[in-house]
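Values in this document were obtained by computation on a predicted structure and should not be read as measured data. Within every chain, numbering begins at 1; the chains are lettered A, B, ... in the order of the sequence lines, protein sequences first and strands thereafter.
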Amino acid sequence: MKKKLIELLEKSVNACLKKGTLKEMDIPFIEVELPREGAHGDWASNIAMVLAKGQREAPRKIAERIIDNINDSDEILDKIEVAGPGFINFFIKTSAWAALLEEVDELGDRYGESNIGKGSKVQVEFVSANPTGPLHIGHARGAVIGDVIAGILQASGFSVSREYYINDAGNQMNMLGESVYYRYLELMGEKVSFPETCYQGEYIAELARQIHDSFGDKFRSDKEGAIPFMTQYAAGSILEGIKEDLETLGVVFDRYFSENELYKNDDVAKILQRLQKEGFIYEEGGTLWFKTTDFGDEKDRVVVRENGEPTYFAGDIAYHLNKYARGFDRVINVWGADHHGYIPRMQACIQALGRKKEDLGVVLVQLVNLLRGGVPVPMSTRAGKFVTIREVTDEVGRDAARYNFLMRRSNSHLDFDLEIAKAQSSENPVYYVQYAHARICSIMRNAVEQGYRIPAYGDIRLDLLTATEEHELIKIIDTFPEIVEGSAQALEPHRIPYYINDLASVFHSFYNKHKVVSDNAELTTARLFLIKAAGIVIRNALKLLGVSAPERM
RNA sequence: GGGCGAUUAGCUCAGAUGGAUAGAGCGUUGGCCUCCGAAGCCAAAGGCCCUGGGUUCGAGUCCCAGAUCGCCCA
């Protein structure tokens, strides 16, 4: 509906320009929005006020002229008026609203999809935690946000790939192998002083036990041979665990990309040579520097250390080159907010590779404060004491976990209270929307029992839906596709939970005011059609979030 | 010391590209099941949108300065 109104306004403004009743100027983006006050119409536009400055004329006069030139050929408008300082208020005919419901029913589970992506290839890279230990609660938020961003982009017509980058080439992997080795020695009764820099978690000892069970004391006196083996064993095993945990959360990747591959193929060395030849890399004091300052970074960055060892950043350069080489038009990285300092250098990097700044999108995810009944749950990664994804999912369930992670803007801190997340009560927002869906299903079951058929689009007296609450419900159902589009463009998944919450609220109000199933058969059919559409939208929206829409609860 | 983000109701937070009387959930107070699911609804109370300047018809939103908190970098 919004798009139709914008189109009407555009045509009218163009007509005015042609007639000369408006002066030639750049026409700004025309905005139409839902006014808070019902008296201000169903939709309103401020276009006359925006034009006023350039036209050097009173907004109300401009608005009058725009209205005079509107050609409502589809007859969707009941009334248009100029109000306040120069708003144009639209009042929509009931018949036009009802037509929107038919669209929802016709599209079914595809309602809300769009093609703003036009099939362009996007990669969303997220989680990407080193396989040195199980994922904890902080990773879970990034996992869900990345997954849902990918899903929203898919629904918006992008061709999306979900990828997990495994930083398995650095020193911390050796440290992992060493950690397991020391625990292994301990198993055989050797007294070792376990270094503080090693990984402390209980899972390390468990891995050592597994190795001891399978291989006995084979590695006891062969530290040289043991560490590479144990590194690989541990990383493989931990990664398997990570995959399982992500799956319980409903997160599945298209690809796990190993940093090691980049070194095996010499990609890192090759790209560094290329950039050096192109003048982006210079040597100073035995180390190689990337001139990221050329692209606005605050200082240049080291890519190869004095000892010849490439930095993480070097690997990241090669990795991003690799991404674009695979044909992705745009690459989106979901990072912990503590990585925000990396953004300028990565943007510099992709520009040196010949891409535009916009081809890299970064979504920062802030910390999660884990609480239990309002009290912070103590955590320390160093001591290996933390709450894992698995523990959280097992305790509160996938739906509640995902919904709670998605409810806040990703760039703001999140308090995650285990007690609230698992409470089956009104405190827990996920139940509010699921309840609305279950209620709709329940009403429809009830209607069927009383001999009604669930109506499909076509011959339904939708003109009977004239109550304010029905009006409001149709209106909010109608905005769903715009919400998804906006969410995709801004990479802001939290807009969806907010939307569903609003929709559920409008539905509940409608429910409490009006009886769906009554002895008026035509009205009952029309209302069944309305709540059916509402159910479709709740289901589609929850599906975007990876949250179930139960029929009973 | 430099940079990034935050600051909106008692609490947790929404308010994209500036618009009409600033919203939601929780909490508080008071109502609503003889009736399709009360995990719901309705009503009320609750605000210096951190402070001070600026931009303009119009600022929670944009600009500048400062305060407080969090993080990154040396």
- Query: Is there a stack between A:Phe87 and B:A20, judged by ring centres under 5.5 Å and planes under 30°?
  - Reply: yes
- To the nearest Å, give me how far apart CD (A:Glu33) and P (B:G18) are. 11 Å
- Query: Within the structure, does a side-chain N or O atom of A:Arg408 lie under 4.0 Å from either OP1 or OP2 of B:U12?
  - Reply: no
- Task: Give the nucleotide from the list B:G37, B:C72, B:A14 with an atom nearest to the side chain of A:Asp338.
- Result: B:C72
- Message: Nearest to the A:Glu492 side chain among B:C36, B:G15, B:A38, which nucleotide is it?
- Response: B:G15
- Message: I'd like to check A:Ile531 versus A:Phe510 (side-chain heavy atoms, cut-off strictly below 4.5 Å). Are they in contact?
- Response: yes
- Message: Without decimals, in angstroms, what is the distance between A:Asn369 CG and B:A6 C1'?
- Response: 14 Å
- Note on the structure: Of the listed B:C71, B:G40, B:G37, the closest approach to the A:His508 side chain comes from B:G40
- Query: Between B:G37, B:G19, B:C36, which nucleotide has the shortest distance from any of its atoms to the side chain of A:Asn46?
  - Reply: B:G19
- Task: Please determine, for the side chain of A:Asn512, which listed nucleotide (B:G40, B:A24, B:C36) has the closest atom?
- Result: B:G40
- Side chain of A:Ser509 only, please: which of B:C41, B:G37, B:C13 is the nearest? B:C41
- Item | Sugar-phosphate only, base, or nothing, as touched by A:Glu485 at under 4.0 Å among non-hydrogen atoms | nothing
- Hey, are the side chains of A:Gln434 and A:Val547 touching, using non-hydrogen atoms and a 4.5 Å cut-off? yes
- Item | Length of the line joining A:Tyr403:OH and B:A39:C1', which is rounded to integer Å | 14 Å
- Query: Between A:Asp415 (CG) and B:G70 (P), how many Å, whole number?
  - Reply: 15 Å
- Message: Could you tell me how far apart A:Lys422 (NZ) and B:A39 (C1') are, to the nearest whole angstrom?
- Response: 18 Å
- Residue-phosphate contact under 4.0 Å: A:Ser412 side-chain N/O, B:A14 OP1/OP2: yes
- Partner of B:C13 by Watson-Crick or G-U wobble geometry, both contacts under 3.5 Å, or none? B:G23
- A:Tyr342-A:His339 aromatic ring centre distance below 6.0 Å: yes
- Message: Taking any heavy-atom pair under 4.0 Å as a contact, classify A:Ala44: base, sugar-phosphate, or nothing.
- Response: base
- Query: Any donor-acceptor pair under 3.5 Å joining the side chain of A:Asn89 to the base of B:A20?
  - Reply: yes
- Re B:A67: Watson-Crick or G-U wobble partner, both distances kept under 3.5 Å, found to be B:U7
- Heavy atoms only: give me the nearest A:Pro481-A:Tyr111 pair and the separation to one decimal. CD-OH, 3.3 Å
- Message: Classify A:Asp417 by what it touches in the nucleic acid, base, sugar-phosphate, or nothing, heavy-atom distance under 4.0 Å.
- Response: nothing
- Scan every strand shown for a Watson-Crick or G-U wobble partner of B:G40, both distances under 3.5 Å, and answer none if you come up empty. B:C32
- Task: With the side chain counted from C-beta on, respond yes when A:His494 and A:Arg408 share a heavy-atom pair under 4.5 Å apart, and no when they do not.
- Result: no
- Query: Hey, is the main chain of A:Asp297 close enough, under 3.5 Å, to the side chain of A:Thr292 for a donor-acceptor pair?
  - Reply: no
- Would you say B:C36 has OP1 or OP2 under 4.0 Å from some side-chain N or O of A:Tyr452? no
- P gap between B:U29 and B:C13, integer Å: 24 Å
- Task: Name the closest nucleotide to the A:His340 side chain, picking from B:A39, B:C4, B:G15.
- Result: B:C4
- Message: Students often get this wrong, so: under 4.0 angstrom with heavy atoms, is A:Met553 touching a base, only sugar-phosphate, or nothing?
- Response: base
- Partner nucleotide of B:C62 by Watson-Crick or wobble geometry (both distances under 3.5 Å): B:G54
- For B:C33, does the O4'-C1'-N9-C4 (purine) or O4'-C1'-N1-C2 (pyrimidine) torsion place it in syn, i.e. within 90° of 0, or in anti? syn
- Task: Could you check how far CZ of A:Arg301 sits from P of B:G3, rounded to whole Å?
- Result: 14 Å
- Indicate, with a heavy-atom threshold strictly under 4.0 Å, whether A:Arg409 touches base, sugar-phosphate, or nothing. sugar-phosphate
- Message: Of the options B:A38, B:C36, B:A14, whose atoms approach the side-chain atoms of A:Val517 most closely?
- Response: B:C36
- Item | Complementary nucleotide of B:G47, counting Watson-Crick and G-U pairs under 3.5 Å | none
- Query: Of the nucleotides B:C41, B:C36, B:A24, which has the atom closest to the A:Val516 side chain?
  - Reply: B:C36
- Quick one: label A:His514 by what it contacts on the DNA or RNA (base, sugar-phosphate, nothing), any heavy atom closer than 4.0 Å. base
- Message: What is the separation between atom CZ on A:Phe416 and atom P on B:G25, rounded to the nearest whole Å?
- Response: 21 Å
- Message: Taking the side chain as everything from C-beta on, heavy atoms only, tell me whether A:His136 gets closer than 4.5 Å to A:Ile389.
- Response: no
- Here the distance between atom P of B:C72 and atom CG of A:Leu364, to the nearest Å, is 13 Å
- Per A:Lys299 side chain, nearest of listed nucleotides B:G19, B:A6, B:C73: B:C73
- Using a 4.0 Å heavy-atom cut-off across all strands, classify A:His339 as base, sugar-phosphate, or nothing. nothing
- For A:Tyr431 and B:G25, is the shortest distance between a side-chain N/O and OP1 or OP2 below 4.0 Å? no
